[in-house]
S.K.: 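Here's a structure for you.
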Amino acid sequence: MAKLTVGIYDAEKNRCQVPLASTGNSAMFSLRDYAESVRKNNLLIDFVSITIWQPCANGLKLSGHGLIKINVSGALLCDFVCTNATGLKLDAYGESYQFDNEDDSKNLKFIAVDIQGNTWEAENFALHLIMMSAAPPFKCEFLLSEIVHCSKQTIPAQQQNYLWFEILESSYIPKNKVNTIKDTLAGESFNRNQTKLGMSDFEVSIIDQEDYTTVYANGNFDVDSLFEALKFYIGFTSGTMPSAYVLTTRVGDDTKHHIRSINKKINKTKIPRPVNHMLMLSLSEWNDPHHFKLLQNILVIQKKLPRFFNSTVSQWKRVWQGFNATQSITALTLTVSIEGLLIDLFIPELEAERADADFENQKNEIIKTLNKTEINSIHLETIITHVMRWGNIHANAALKILAEKGLITKDEVKAWVDLRNSSAHPKFAEMTAKREARERGRLMRCLTLFYKLNLNIYGYTGAYTLYEPNEVMDVMMPAVEIFNVVFEPSNKIE
């Protein structure tokens, strides 16, 4: 059996079933005992009791027993046997209980105790009952987005907070730590499969296993914020959309263990990456420090400018999802996401930079004059609205300004304009090989444009991957200051 002898992760815990023997001590609970069975779709948790209820007055309450397993798509599926029910109100078509009610007291809650005595909770799920469920006992199935087990743990070797999760996606991040692998058949070998980053208040490790990736962090940090930042850093730089199927967080001695549904049909989909993870800038210099600094800058933006972080994450998700569709949908999604970044972040900054008080005063005087004229009110409103827009920077103008500054190229601006127009106002035309190649070239140039906008937001100064119609190359990121964000000096990376 293979064993990882360096680092915290112990590969010897290679179990396919959840242990059945109960220790009675929640401090001994480990989500790693469940991780492999989740990966291999053979998770099975038996519950001696399950309660489902609405916290409102006279709400639904079901109790019984059952189990949770994973379906072929990677979703958590609960097989529930109801033995007692109150608050049932079924008509001929049954009753559906949704999970997105504005009144949270109508949303369903779930609590269950497994055969080891561990309590699991869930919410934000839907349930449909049919007439055959009018009286217990009856059986039903429903999906859960996640189940959570909370416990109190004190581990002296760990620092204040702790984060650990696994994803099925590979990470294309430079590796800076070699681990020793011992195998009873193959003997001892070495694998450079770990990225260890020392931040100012905590440490992060990203370990690539054969068919999944383990991530953990120890130190002083906000666990929810770091989790989101790491998912974006890994996903954006790797061209993937990481989904954690197991997650453990600890703040002080309050620990939460999550088992989550994922979509295994698309989770390993990869799109072209913005940065080469194995790149030498010269005979003596790797691009690795620039890559690692990107995570540090993401954390700075997330803290200082959360709207910037949320906007870039949102647009990145759209682009990745767009690449999982047909080329026409990919083109539309990509061009709209570029426009979204411009409208959300770049245009307000460019307008503030180019503000002209005299010009604005002239506009106001023209509007005052128009208001004194005897013109149909509808026409007058249209004219005034048009005047108010004078000098506004739209997406195309913003791209031209960024090209003048040297952040992007005129070819990339043209590619965006052409692709945006053909996507937003499609006309039927036979898709010849020449036409398809031209559209593909525009698409790749727009992907480069999208990546450069994001990398500029996060102050990236290393090499990026330039996607041209007929070639791909690694070039240095242009140093163009747009947002004047003060990033912290690079931390020492072990």
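Side-chain atoms are counted along with the backbone in the values below, which use heavy atoms only and exclude waters and symmetry mates.
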S.K.: Answer with yes or no whether the side chains of Asp474 and Thr465 bring together a donor and an acceptor at under 3.5 Å.
M.R.: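 Per modelled atom types, Thr465 and Asp474 side chains form a pair under 3.5 Å.
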S.K.: Search all heavy atoms of Asn287 against all heavy atoms of Ala463 and return the closest pair with its distance.
M.R.: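 The answer is OD1-N, 3.0 Å.
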S.K.: Can a donor-acceptor pair be found, under 3.5 Å and without considering hydrogens, that links the side chain of Lys304 to the backbone of Val486?
M.R.: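 Yes.
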S.K.: Side chains of Thr448 and Thr409: does their closest heavy-atom pair fall under 4.5 Å?
M.R.: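 They are not in side-chain contact.
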S.K.: Using only atom types and a distance under 3.5 Å, with no angle test, would you say the side chain of Thr335 pairs donor to acceptor with the backbone of Leu332?
M.R.: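 Checking the backbone N and O of Leu332 against the side chain of Thr335, a donor-acceptor pair under 3.5 Å is found.
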S.K.: Do the ring centers of Phe29 and Tyr34 come within less than 6.0 Å of each other?
M.R.: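 Distance test on ring centres: under 6.0 Å, yes.
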S.K.: Can you list the steps and then say if Leu399 with Leu449 is a side chain to side chain contact (heavy atoms under 4.5 Å, CB included)?
M.R.: CA-CA 10 Å; Leu399 288 176; Leu449 170 56; 4.1 Å; yes
S.K.: Before we go on, tell me: are the rings of Phe236 and Tyr458 under 6.0 Å apart, centre to centre?
M.R.: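 That pair fails the under 6.0 Å test.
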S.K.: Could you check whether any side-chain N or O of Arg192 sits under 3.5 Å from a backbone N or O of Lys175, counting only pairs where one atom can act as donor and the other as acceptor?
M.R.: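 The answer is yes, because a donor-acceptor pair under 3.5 Å joins these two groups.
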S.K.: Does the side-chain hydrogen bond (donor to acceptor under 3.5 Å, both in side chains) test come out yes or no for Asn179 and Asn193, once each step is laid out?
M.R.: CA-CA 7 Å; Asn179 288 307; Asn193 68 335; 2.8 Å; yes
S.K.: Are side-chain heavy atoms of Gln327 and Leu443 found at a separation under 4.5 Å?
M.R.: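 A side-chain contact under 4.5 Å exists here.
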S.K.: Is the number of heavy atoms from other residues, nucleotides or ligands within 6.0 Å of NZ (Lys109) greater than 12?
M.R.: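 Yes, NZ of Lys109 has more than 12 neighbouring heavy atoms, counting only those of other groups under 6.0 Å.
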S.K.: Is a donor on one side and an acceptor on the other found under 3.5 Å between the side chain of Asn41 and the backbone of Asn71?
M.R.: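 Confirmed, Asn41 side chain pairs with Asn71 backbone.
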S.K.: Looking at CZ of Arg250 and CG of Asn161, how far apart are the two atoms once the value is rounded to the nearest 0.5 Å?
M.R.: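 If we round to the nearest 0.5 Å, Arg250:CZ and Asn161:CG are 7.5 Å apart.
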S.K.: Under a 3.5 Å distance rule, please check whether Thr214 uses its side chain to pair with a backbone N or O of Ile207 as donor and acceptor.
M.R.: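 Flag not set: sc Thr214 to bb Ile207 has no pair under 3.5 Å.
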S.K.: With the threshold set at 4.0 Å, does a side-chain nitrogen-carboxylate oxygen contact exist between Arg445 and Glu412?
M.R.: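 No, Arg445 and Glu412 are not salt-bridged.
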S.K.: Verify the neighbour count for atom CG of Asp103: are there more than 12 heavy atoms of other residues, nucleotides or ligands below 6.0 Å?
M.R.: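 More than 12 within 6.0 Å, yes.
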S.K.: What distance separates Glu481 CD from Glu349 CD, expressed to the nearest 0.5 Å?
M.R.: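 Answer rounded to 0.5 Å: 9.5 Å.
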S.K.: How far apart are the C-alpha atoms of Phe232 and Glu228, what are their side-chain angles, what is the distance that settles it, and do they pass the side chain to side chain contact (heavy atoms under 4.5 Å, CB included) test?
M.R.: CA-CA 6 Å; Phe232 179 58; Glu228 294 301 322; over 6 Å; no
S.K.: Determine, stepwise, if the pair Phe110 / Leu108 fulfils side chain to side chain contact (heavy atoms under 4.5 Å, CB included).
M.R.: CA-CA 7 Å; Phe110 171 100; Leu108 294 172; over 6 Å; no
S.K.: Is the closest side-chain donor-acceptor distance between Thr269 and Asn324 under 3.5 Å?
M.R.: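 Per modelled atom types, Thr269 and Asn324 side chains form a pair under 3.5 Å.
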S.K.: Any idea which heavy atoms bring Leu419 and Ser422 closest together, and the distance?
M.R.: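 That would be O-OG, 3.1 Å.
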S.K.: Report the distance from atom CD1 of Ile298 to atom CG of Leu230, rounding to the nearest 0.5 Å.
M.R.: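 The distance works out to 9.0 Å.
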S.K.: Any heavy-atom pair between the side chains of Ile167 and Ile262 that's under 4.5 Å?
M.R.: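 They are not in contact (no side-chain heavy atoms under 4.5 Å apart), so the answer is no.
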S.K.: Does one side chain, of Arg318 or Ser314, offer a donor that lies under 3.5 Å from an acceptor on the other?
M.R.: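 Looking only at side-chain atoms, Ser314 and Arg318 do form a donor-acceptor pair, the distance falling under 3.5 Å.
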S.K.: Would you say Leu299 and Phe221 make side-chain contact, with heavy atoms under 4.5 Å?
M.R.: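 Of all side-chain heavy-atom pairs linking Phe221 with Leu299, none is under 4.5 Å.
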S.K.: Would you name the heavy atoms of Ser261 and Leu144 that are closest together and state the gap between them?
M.R.: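 Looking at all heavy atoms of both residues, the closest pair is OG-O, 2.6 Å.
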S.K.: Evaluate the criterion salt bridge (Lys or Arg N to Asp or Glu O under 4.0 Å) for residue pair Glu146 and Lys256; output intermediate values, then yes/no.
M.R.: CA-CA 12 Å; Glu146 71 170 356; Lys256 291 184 178 181; over 6 Å; no
S.K.: Is it the case that the side chain of Asn456 and the backbone of Lys452 share a donor-acceptor pair, with hydrogens and angles ignored and the cut-off at 3.5 Å?
M.R.: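 Answer holds: no.
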S.K.: Do the ring centers of His290 and Tyr464 come within less than 6.0 Å of each other?
M.R.: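 No.
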S.K.: What pair of heavy atoms forms the shortest contact from Trp164 to Val246, and how long is it?
M.R.: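 Smallest interatomic distance, heavy atoms only, reads CH2-CG2, 3.7 Å.
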S.K.: Give, for atom CG of Asp33 and atom NE2 of His257, the distance between the pair rounded to the nearest 0.5 Å.
M.R.: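 The NE2 atom of His257 is 10.5 Å from CG of Asp33, to the nearest 0.5 Å.
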S.K.: Keeping the roles fixed (side chain from Lys40, backbone from Val38), state whether a donor-acceptor pair exists under 3.5 Å.
M.R.: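 Flag not set: sc Lys40 to bb Val38 has no pair under 3.5 Å.
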S.K.: Can you name the salt bridge (Lys or Arg N to Asp or Glu O under 4.0 Å) partners of Asp254, sequence neighbours left out?
M.R.: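 Per chain and number, Asp254 pairs via salt bridge (Lys or Arg N to Asp or Glu O under 4.0 Å) with Lys152.
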S.K.: Is there side-chain contact between Ile301 and Thr312, with at least one heavy-atom pair below 4.5 Å?
M.R.: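 No, too far: nothing below the 4.5 Å cut-off.
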S.K.: Measuring only between side-chain heavy atoms, which start at C-beta, is Ile68 closer than 4.5 Å to Trp120?
M.R.: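 Of all side-chain heavy-atom pairs linking Trp120 with Ile68, none is under 4.5 Å.
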S.K.: Using every non-hydrogen atom in the two residues, find where His258 and Leu31 come nearest and quote the distance to one decimal.
M.R.: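 In terms of heavy atoms, the two residues are closest at O-CD2, 3.2 Å.
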S.K.: How many angstroms lie between atom CD of Gln98 and atom CG of Asn107, to the nearest 0.5 angstrom?
M.R.: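 It is 9.5 Å, given to the nearest 0.5 Å.
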S.K.: Is the shortest heavy-atom distance from the side chain of Lys270 to the side chain of Tyr172 under 4.5 Å?
M.R.: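 Lys270 vs Tyr172: side chains touch.
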S.K.: Whether the side chain of Thr195 engages the backbone of Pro174 through a donor-acceptor N/O pair (distance < 3.5 Å, no angle test) should be reported.
M.R.: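 Indeed, once roles are kept as given, a pair shorter than 3.5 Å links the two residues.
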S.K.: Side chain of Lys264, backbone of Ala75: donor and acceptor closer than 3.5 Å?
M.R.: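 Side chain of Lys264 to backbone of Ala75: no pair is present.
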S.K.: Could you check whether any side-chain heavy atom of Leu295 comes within less than 4.5 Å of a side-chain heavy atom of Met199, counting everything from C-beta outward?
M.R.: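 The answer is yes; the side chains approach within 4.5 Å.
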S.K.: Do the rings of Tyr233 and His291 sit parallel, tilted or perpendicular, given the 30° and 60° boundaries?
M.R.: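 If you compare the ring of Tyr233 with that of His291, the planes turn out perpendicular.
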S.K.: Determine the minimum heavy-atom distance between Ile347 and Ala395, stating which atoms define it.
M.R.: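 In this case the closest contact between Ile347 and Ala395 is CD1-N, 4.0 Å.
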S.K.: Treating Arg307 as the side-chain partner and Asp344 as the backbone partner, does any N or O pair qualify as donor plus acceptor under 3.5 Å?
M.R.: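 Answer holds: yes.
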S.K.: Take Tyr460 and Asn297, measure what side chain to side chain contact (heavy atoms under 4.5 Å, CB included) needs, and give me the verdict at the end.
M.R.: CA-CA 8 Å; Tyr460 180 75; Asn297 291 356; 6.0 Å; no
S.K.: Does any pair with a residue in residues 465-484 pass ring-ring contact (aromatic ring centres under 6.0 Å, His included), and if so which ones, sequence neighbours excluded?
M.R.: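 Residue pairs passing ring-ring contact (aromatic ring centres under 6.0 Å, His included), neighbours aside: Phe308-Phe483, Phe346-Phe483.
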S.K.: Below 4.0 angstrom, N of the basic side chain to O of the carboxylate: do Lys303 and Glu488 qualify?
M.R.: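 No, no charged N to carboxylate O under 4.0 Å.
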S.K.: Once rounded to the nearest 0.5 Å, what's the spacing between atom CG of Asp411 and atom CH2 of Trp416?
M.R.: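 It is 16.0 Å, given to the nearest 0.5 Å.
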